[in-house]
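One is the number of the first residue; the rest follow in order along the sequence. Since we're looking at a predicted model, the values are computed, not measured. Each ligand, and each atom within it, is numbered from 1 in the order the structure gives.
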Amino acid sequence: MELYELTIHEASILLRKREISSLELTRALLDRIAAIDDQVKAYITVTPDTAMAQAREADDRRSAGEENPLLGIPLAIKDIICTKGITTTCGSKMLHNFVPPYDATVMRHLYEAGMVLLGKTNLDEFAMGSSTENSAFFPTHNPWDLTRVPGGSSGGSAAAVAAQEAPGALGTDTGGSVRQPAALCGMVGLKPTYGRVSRYGLVAFASSLDQVGTLTKDALDAALLLNVIARHDPLDSTSVEVPTPDYTASLNQGVQGLRIGIPREYFSAGIQPEVEVAVREAIRTLESLGAVTQEVSLPHTEYALPTYYLIAPAEASSNLARYDGVKYGYAYPDAADIWDLYRKTRQHGFGSEVKRRIMLGTYALSAGYYDAYYLKAQKVRTLIKKDFDAAFESCDVLIAPTSPSVAFRIGEKVADPLQMYLSDIFTLSLNLAGLCGVSIPCGFEQGLPVGLQIIGKPFDEAGILRVAHTYQQATDWHKRHPTFPEQ
Ligand code: GLN
């Protein structure tokens with residue numbers, strides 16, 4: 001077995017036993033990146049010097065007697081999370097040269113735990129998209145089939161873990177951006193509950209929906225990462241002061257008697273038949289492990305997409321107003337005056353999807369339309385949340401597909417925004433309702449992974465990870481990796 005093939009928990013044991021050093025592990029991953037990332041294009045920035053220095057430091061900390069599961073573990077970070085001294089581009093020309101003067105809170109926690117930074121991963125510009133094709137730099141390729149997308153917007157993070165260019169990664173999820181790429185790349189993607197993980201230092205897209213999440217090879221690794229990043233943060237006023245359990249502690253408790261709800265509306269027209277077959281088979285597996293299932297209804301599901309595409313662009317239009325060519329990043333060089341600078345900087349600095357969102361959002365928030373669009377969407381958001389509240393009265397978790405289809409071809413949906421938006425039809429509602437969710441692989445269709453989504457009550461990450469882990473003890477979909485490079 002190659003060192004780059006290890007999961008976080010496997011590497012952690014070998015490091016603790018001194019069978020490997022962090023320097024060796026980090027070197028193996030950097031070599032892997034150098035060997036194959038030309039084809040996958042998961043990384044925008046690789047940080048070999050930082051990584052080797054941090055690996056050496058982690059080995060020293062261990063020699064000095066320190067122990068913890070992430071000490072010396074190399075990880076990849078989505079390039080929308082601020083890293084002090086290392087460019088954070090958000091996949092945008094606008095921030096192509098932006099070097100944050102501080103670390104995001106999640107980075108501080110990870111560094112304290114001893115992580116090693118391998119690099120910053122590709123994404124759709126400002127996390128707007130579902131295929132990573134909206135990156136201003138280059139598209140990322142799905143390691144299972146290089147002609148296909150890895151999903152998005154955290155496509156670089158998902159592809160890096162799938163291609164074994166990192167044992168784990170952070171992504172962000174505003175409407176599905178951790179779970180959908182996890183599904184399309186056959187990895188585990190956890191979106192914690194809004195408020196569970198600090199957003200301080202995460203470049204804002206839609207502030208009432210954004211949440212940092214994890215991409216890993218299995219549920220145990222997701223629990224290990226969440227243990228480090230889930231903490232109340234006084235620097236983020238929306239971070240919630242609730243106790244954070246040890247997420248590994250309850251993983252082995254099984255699903256005997258667990259009440260699983262199957263939302264009828266998530267198995268509707270538009271879902272690829274093979275995806276439904278794989279998800280229903282996984283539900284049967286969970287039943288055979290002792291879970292009890294029942295059908296439930298989430299009647300406002302059909303309004304989730306329009307609701308999200310009013311609220312998210314409205315918040316984005318406000319958040320992105322700060323990119324004016326004065327304070328950060330790109331500035332149009334030959335502006336005639338300040339107004340010309342604003343206009344031309346934004347015209348040339350943003351890509352077309354970002355501009356589309358800014359226009360949609362500005363329209364929805366403008367006087368005379370605010371009540372009809374934005375306010376109405378907020379009311380529908382409450383109805384969507386109430387649907388989940390009702391379902392959770394009789395269920396512990398809900399199970400649904402993560403994405404209606406397996407990975408689509410690069411170029412297939414870029415020209416049709418609505419088709420692209422539909423790719424998140426099963427993930428958006430969780431962000432609107434403030435729930436947690438995890439996508440795990442549950443099968444393959446013609447060599448491409450299918451994702452199963454486990455949806456949990458607010459702050460019940462331990463519950464959904466337990467279901468995921470139990471399923472992974474009985475199956476081995478999560479152990480598969482693409483043979484890469486093609487041999
Ligand atoms: N694909 C959705 C969008 O484009 C979700 C993105 C995300 O979660 N960041 O807005």
Inset, instruction - May I ask you to establish whether Lys355 and Phe350 are in a cation-pi arrangement, using a distance under 6.0 Å from NZ or CZ to the six-membered ring centre and at most 45° from the ring axis? - result: no
Legend entry - Polar contact flag, side-chain donor to acceptor under 3.5 angstrom, Ser297-Glu265: yes
Scan the side chains in residues 404-413 for donor-acceptor partners under 3.5 Å anywhere in the protein, sequence neighbours excluded, and list what turns up.
{"from": "Arg409", "atom 1": "NH1", "to": "Thr147", "atom 2": "OG1", "distance (Å)": "3.0"}
{"from": "Glu412", "atom 1": "OE1", "to": "Arg409", "atom 2": "N", "distance (Å)": "2.8"}

Inset, instruction - Anything under 30° is parallel, anything over 60° is perpendicular, the rest tilted; go ahead and classify Tyr323 against Phe126. - result: tilted
Inset, instruction - Please say which of Ser135, Ser157, Ser153 ends up in a side-chain hydrogen bond (donor to acceptor under 3.5 Å, both in side chains) with Asn122. - result: Ser135
Inset, instruction - Let me know which protein residues bring a heavy atom to under 4.0 Å of ligand 1; chain then number is fine for ordering. - result: Ala127, Met128, Gly129, Ser130, Ser153, Asp173, Thr174, Gly175, Gly176, Ser177, Phe205, Tyr308, Tyr309, Arg357, Asp424
Inset, instruction - Report yes or no: is the cationic atom of Arg108 (NZ for Lys, CZ for Arg) under 6.0 Å from the centre of the six-membered ring of Tyr200, at an angle within 45° of the ring normal? - result: no
